[in-house]
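What follows is a single structure, written as structure tokens, with notes after it.
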Amino acid sequence: MLKGDGHLSHDLDPLDQGPKDACGVFGVWAPGEDVSKLTYYGLYALQHRGQESAGIAVSEGTRILVYKDMGLVAQVFDESVLGTLRGHLAIGHCRYSTTGSSVWENAQPTLNSTEVGGLALAHNGNLINTGELAVRLAPGTTRATTDTEVLTALLAKDGSRPIEDAAAEVLPQVRGAYSLVFMNETTLFAARDPQGVRPLVLGRLERGWVVASETAALDIVGAVFTREIEPGELITIDERGVKSRRFAVAEPKGCLFEYVYLARPDTSIAGRGVQATRVEVGRQLAREHPVDADLVIPTPESGTPAAIGYAEQSGIPYGQGLVKNSYVGRTFIQPSQTIRQLGIRLKLNPLREIVQGKRLVVVDDSIVRGNTQRAIVKMLREAGATEVHVRISSPPVSWPCFYGIDFATRAELIAGSLTVDEICQSLGADSLGYISLDGLTRATTIPAGRLCRACFDGNYPIPIDQDQVGKYVLEAKV
Ligand code: SF4
């Protein structure tokens with residue numbers, strides 16, 4: 001997996017597929033602005049949320065054009081493509097596939113036609129009753145394999161009525177996580193599931209409006225944060241401004257993992273900067289798992305804020321003991337066997353003169369399978385570290401996520417079957433400490449009852465129906 005800036009620790013080892021973000025979504029309604037370029041830059045800011053495909057849909061009032069392809073935002077679009085995408089409203093999407101395979105057909109935005117025009121849609125999250133929803137469609141309505149295609153087809157099904165009315169009727173029947181941006185030829189829509197699992201924010205431009213997965217994407221296009229789209233809210237944006245409609249009672253359960261790893265550090269959630277939360281998590285980690293050591297180092301970049309907090313709280317100096325190759329992008333060249341064996345060194349290399357002879361605290365954000373952390377411990381010892389103490393700024397990830405983050409099945413999660421002591425042994429570390437779930441929750445300043453914490457405690461706030469998620473649940477139960 002490739003992660004954007006600030007998200008590099010889990011893609012270090014090709015064998016260690018870390019948490020994969022679901023997607024980033026962006027929408028803009030702004031007559032007189034270059035909406036396709038605004039969307040391009042919005043997606044660019046959200047690249048860390050999905051790197052498999054990218055797409056933009058645009059309309060100038062009479063027809064919707066969609067351009068999408070496999071690859072990073074900067075690989076899919078160039079000046080000439082963006083130059084053909086003209087209009088006054090647009091939506092965009094960058095994708096990591098959590099359902100359906102990673103093929104062009106499943107790239108987003110999706111586009112369906114209705115009796116009165118088109119409907120383009122971009123989705124962040126994962127639906128858990130796709131099978132049930134698909135039954136409501138006429139056979140052959142859609143060939144796509146994703147929950148998003150089924151949702152788009154449902155919204156477009158009765159094309160004679162306004163999309164807003166169709167959405168108000170269809171969305172209450174949809175279960176799972178969804179932050180949506182969608183559009184017809186004239187109007188931009190956005191909606192968030194009643195639990196508000198994935199983020200979605202509204203921002204104001206001088207001459208229009210923007211909707212995005214994270215506040216960082218508003219910043220990059222010069223939009224001013226207005227508010228979060230509420231869980232269970234549908235908004236409509238056109239020349240009459242922003243209209244809000246509630247389609248379900250809000251039962252907020254925001255994803256706790258957004259704070260740990262998914263969101264950019266320069267994003268704010270519920271009014272608090274993610275970076276500040278991560279630093280506080282590091283302080284709490286030091287309070288819960290102190291150790292006598294000479295140097296605190298992060299696994300760059302995702303471990304950095306928590307390492308800073310750990311160093312501040314413990315009084316142990318902070319330093320960079322691992323150097324990241326900032327220019328490692330998605331490579332389509334398969335590494336040779338020799339390079340593959342070096343694995344992690346493609347992306348991280350220890351600073352021998354810094355770590356030699358030191359007792360180190362290495363701070364990382366999470367452990368999924370453990371391959372990356374095992375390789376880091378080994379590499380630091382080989383570079384001369386006398387002790388390696390691993391500290392993790394999230395509790396053990398023991399349960400899979402059904403709401404849009406593809407960690408792994410339970411059988412693949414190292415904490416799904418091993419105790420902390422056993423994991424420590426498996427990593428070859430001198431000690432291992434995970435922050436407690438209460439400690440992490442407190443650092444977010446959000447009450448526990450308003451968070452989804454299922455990957456840590458197994459309590460799924462949106463009940464999982466085995467028939468609907470089929471194979472994945474069965475694997476997860478192994
Ligand atoms: S299970 Fe974990 S990753 Fe998934 S939504 Fe809940 S907290 Fe987030």
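Numbering of ligands and ligand atoms starts at 1, following listing order. The chain is numbered in sequence order, starting from 1.
Checked against Asn371 for a side-chain hydrogen bond (donor to acceptor under 3.5 Å, both in side chains), the options Arg369, Gln373, Arg374 give a single hit: Arg374.
Protein contacts to atom 6 (Fe) of ligand 1 involving N, O or S atoms at a distance below 2.8 Å are Cys452 SG.
Heavy atoms only, all atoms of each residue included: Cys94 and Val73 are closest at CB-CG2, 4.4 Å.
A donor atom on one side chain and an acceptor atom on the other are not found under 3.5 Å apart for Arg264 and Gln275. With hydrogens and angles left out, the side-chain atoms of Thr236 and Arg245 include no donor and acceptor closer than 3.5 Å. When only modelled atom types and interatomic distance are considered, Gln51 and Gln47 share no side-chain donor-acceptor pair under 3.5 Å.
For Glu258, the closest heavy-atom approach to ligand 1 does not fall below 4.0 Å.
Distances below 4.0 Å separate heavy atoms of Arg198 from the following atoms of ligand 1: 4 (Fe), 5 (S), 8 (Fe).
For Arg272, the side-chain contact (heavy atoms from CB on, under 4.5 Å) partners two or more places apart in sequence, or in a different chain, are Ala276, Thr277, Glu280, Thr445.
Lys243 and Glu164 are joined by a salt bridge, as a carboxylate oxygen and a charged side-chain nitrogen come within less than 4.0 angstrom of each other.
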